[in-house]
Novice: 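Quick one: this structure, given as structure tokens, is what I'll be asking you about.
All chains are named by letter (A, B, ...) in the order of the sequence lines, taking the proteins before the strands, and each is independently numbered beginning at 1. Heavy atoms only: backbone and side chains are in, while hydrogens, waters and symmetry mates are out.
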2 protein chains.
Amino acid sequence: MARPRKTDQLAAMTDLVCDDRVVHVDAVRAARAALPEGPTLAGLAEVFAALSDPTRLRIIAALAQNELCVCDLAASVATSDSAVSHQLRGLRDLGLVRSRREGRLVYYALDDAHVTALYSQALDHVGHPTTEDA
Amino acid sequence: MARPRKTDQLAAMTDLVCDDRVVHVDAVRAARAALPEGPTLAGLAEVFAALSDPTRLRIIAALAQNELCVCDLAASVATSDSAVSHQLRGLRDLGLVRSRREGRLVYYALDDAHVTALYSQALDHVGHPTTEDA
DNA sequence: ATCACGTATGAATTCCTATTCATTTATTGA
DNA sequence: TCAATAAATGAATAGGAATTCATACGTGAT
């Protein structure tokens with residue numbers, strides 16, 4: 001069933017876990033107990049991934065100021081309408097952004113306080129110079 | 001030099017910015033003023049990217065409990081030593097993690113309060129069930 | 001010195017993601 | 001109805017990223 005282990009405790013731990021050797025059993029036990037569950041982990045990764053792209057960060061920073069229509073958003077963050085639209089779709093699928101149509105224009109706004117909070121916290125930590133500070 | 005614009009104000013804005021049409025000049029101006037500068041933006045994206053991968057997230061969650069050597073870390077997060085080592089290099093290059101050698105073992109620990117704070121804030125927002133809650 | 005073990009590294013593979021370009025849909029005005 | 005504009009979408013391309021496998025490095029023990 002398994003190969004022999006150095007100690008019973010160790011064997012119990014590693015069998016419970018995986019095939020690798022464990023040095024500090026208690027530390028590993030504690031670490032594993034602290035791991036978020038699969039869905040939680042995936043959710044975290046998703047949110048952070050949304051914030052991991054410069055274009056999306058600019059979009060979020062822009063929308064943190066005003067609601068904006070797609071073309072204004074594109075002009076604001078200096079990318080193509082299409083690229084912005086693609087990104088907005090992703091952000092909307094994640095529930096981070098909401099849209100509202102008015103005539104031919106579609107306005108987007110932030111729709112998730114968590115993400116906004118994460119963004120500004122990160123900005124605080126980094127120190128937040130903007131173009132208006134120049 | 002450029003194509004005709006609907007208004008002078010609009011023309012001034014767009015020339016200052018890019019080649020796209022702008023609908024709400026003031027909104028765009030405000031949005032652009034709020035954009036973080038290039039290096040800041042890149043730094044933000046980097047940090048969030050570090051948190052955007054499930055494996056790295058598990059590593060961070062594990063190290064939030066104890067300092068761990070590579071093989072214990074691998075056992076904790078249930079991936080190969082090699083994969084963990086690769087990820088640790090990245091995290092160390094970003095200054096998120098520090099290492100300490102003791103004999104043949106190398107212990108890693110978290111080394112950036114910002115990231116730890118971001119992680120736990122995100123965890124709070126999501127709600128944080130772990131395996132020990134079961 | 002040699003061996004075993006823990007860790008690190010490089011190359012290769014595979015998967016994912018962001019942008020671009022072309023096209024389509026939706027809405028308004030002529 | 002037709003033309004024009006804003007936005008969305010799909011396919012394609014290109015770049016990046018994570019894991020695996022093989023191998024090398026560093027350290028301690030025999």
Side-chain angles (χ1 to χ4, degrees), chain A residues 3 5-6 10 14 18-24 27-28 41-42 45-46 48-59 67-94 97-109, chain B residues 3 5-6 10 18-24 27-28 41-42 45-46 48-59 67-94 97-108:
Chain A
R3 60 185 102 106
R5 294 292 172 187
K6 294 171 187 171
L10 215 162
T14 52
C18 70
D19 250 4
D20 288 23
R21 331 94 213 130
V22 166
V23 180
H24 306 89
V28 172
L41 197 72
E46 243 178 12
F48 285 123
L51 292 161
S52 72
D53 176 72
T55 299
R56 279 191 299 269
L57 279 176
R58 284 199 301 263
I59 290 175
E67 165 187 79
L68 284 166
C69 65
V70 175
C71 68
D72 282 353
L73 195 43
S76 298
V77 305
T79 50
S80 71
D81 292 4
S82 182
V84 169
S85 189
H86 277 294
Q87 298 291 9
L88 287 171
R89 180 157 64 110
L91 293 174
R92 194 148 68 93
D93 290 347
L94 284 174
V97 136
R98 100 185 88 89
S99 66
R100 166 179 80 81
R101 173 152 227 142
E102 190 168 315
R104 334 181 186 189
L105 303 180
V106 176
Y107 291 90
Y108 281 82
Chain B
R3 58 185 105 104
R5 296 290 172 188
K6 293 171 188 172
L10 215 163
C18 69
D19 249 4
D20 289 21
R21 330 97 213 128
V22 167
V23 180
H24 306 90
V28 172
L41 197 72
E46 243 178 12
F48 285 124
L51 293 161
S52 71
D53 176 73
T55 298
R56 280 191 299 268
L57 237 26
R58 284 198 302 262
I59 289 176
E67 167 186 78
L68 284 166
C69 65
V70 175
C71 68
D72 282 353
L73 196 43
S76 298
V77 306
T79 50
S80 71
D81 292 4
S82 182
V84 169
S85 188
H86 276 294
Q87 297 291 9
L88 286 171
R89 179 156 65 112
L91 293 174
R92 194 149 67 95
D93 289 348
L94 284 174
V97 136
R98 100 185 87 88
S99 66
R100 166 178 81 81
R101 173 152 228 144
E102 191 169 315
R104 337 181 182 186
L105 302 182
V106 176
Y107 292 89
Y108 281 83

Novice: What's the separation between atom CD in B:E102 and atom SG in B:C69, rounded to the nearest 0.5 Å?
Specialist: 10.0 Å
Novice: Kindly compute the distance separating NE2 (A:H86) from CG (A:L91), expressed to the nearest 0.5 Å.
Specialist: 13.0 Å
Novice: Can you tell me if the side-chain N/O atoms of B:Y108 get under 4.0 Å from OP1 or OP2 in C:dA8?
Specialist: yes
Novice: Taking atom CZ of A:R92 as the centre, report whether more than 12 heavy atoms of other residues, nucleotides or ligands fall under 6.0 Å from it.
Specialist: no
Novice: Which atom pair, heavy atoms only, marks the closest approach of A:V77 to A:R58?
Specialist: O-NE, 3.1 Å
Novice: Can you give me the closest heavy-atom contact between B:L68 and A:A27, atom names plus distance?
Specialist: CD2-CB, 3.6 Å
Novice: Measure CZ/B:R104 against C1'/D:dC25 and give the value in whole Å, please.
Specialist: 14 Å
Novice: Between atom CG in A:L94 and atom C1' in C:dT17, what is the gap in whole Å?
Specialist: 14 Å
Novice: Identify each atom pair where a protein N or O and an N or O of nucleotides 9-12 of chain C are less than 3.5 Å apart, giving names and distance.
Specialist:
| unit_1 | atom_1 | unit_2 | atom_2 | d |
| --- | --- | --- | --- | --- |
| C:dT9 | O4 | B:S82 | OG | 2.8 |
| C:dG10 | O6 | B:H86 | NE2 | 2.8 |

Novice: Within this structure, what is the CG-to-P distance between B:L105 and C:dA4, rounded to whole angstrom?
Specialist: 18 Å
Novice: Separation of B:I59 atom CD1 from D:dT19 atom P, in whole Å?
Specialist: 8 Å
Novice: For A:E102 and D:dA6, give me the distance from atom CD to atom C1', rounded to whole Å.
Specialist: 13 Å
Novice: Between atom CZ in A:F48 and atom C1' in C:dT17, what is the gap in whole Å?
Specialist: 19 Å
Novice: Without decimals, in angstroms, what is the distance between A:L88 CG and C:dT17 C1'?
Specialist: 16 Å
Novice: Please report, rounded to the nearest Å, how far the P atom of D:dA7 is from the CZ atom of B:R21.
Specialist: 9 Å
Novice: For B:D53 and for B:R101, find the nucleotide of DNA chain D with the closest heavy atom, then tell me which residue's nucleotide is more 5'.
Specialist: B:D53
Novice: Do any side-chain nitrogens or oxygens of A:Q87 fall under 4.0 Å of OP1 or OP2 in C:dT17?
Specialist: no
Novice: Between A:C71 and B:V23, which heavy-atom pair has the shortest distance, and what is it?
Specialist: SG-CG2, 3.4 Å
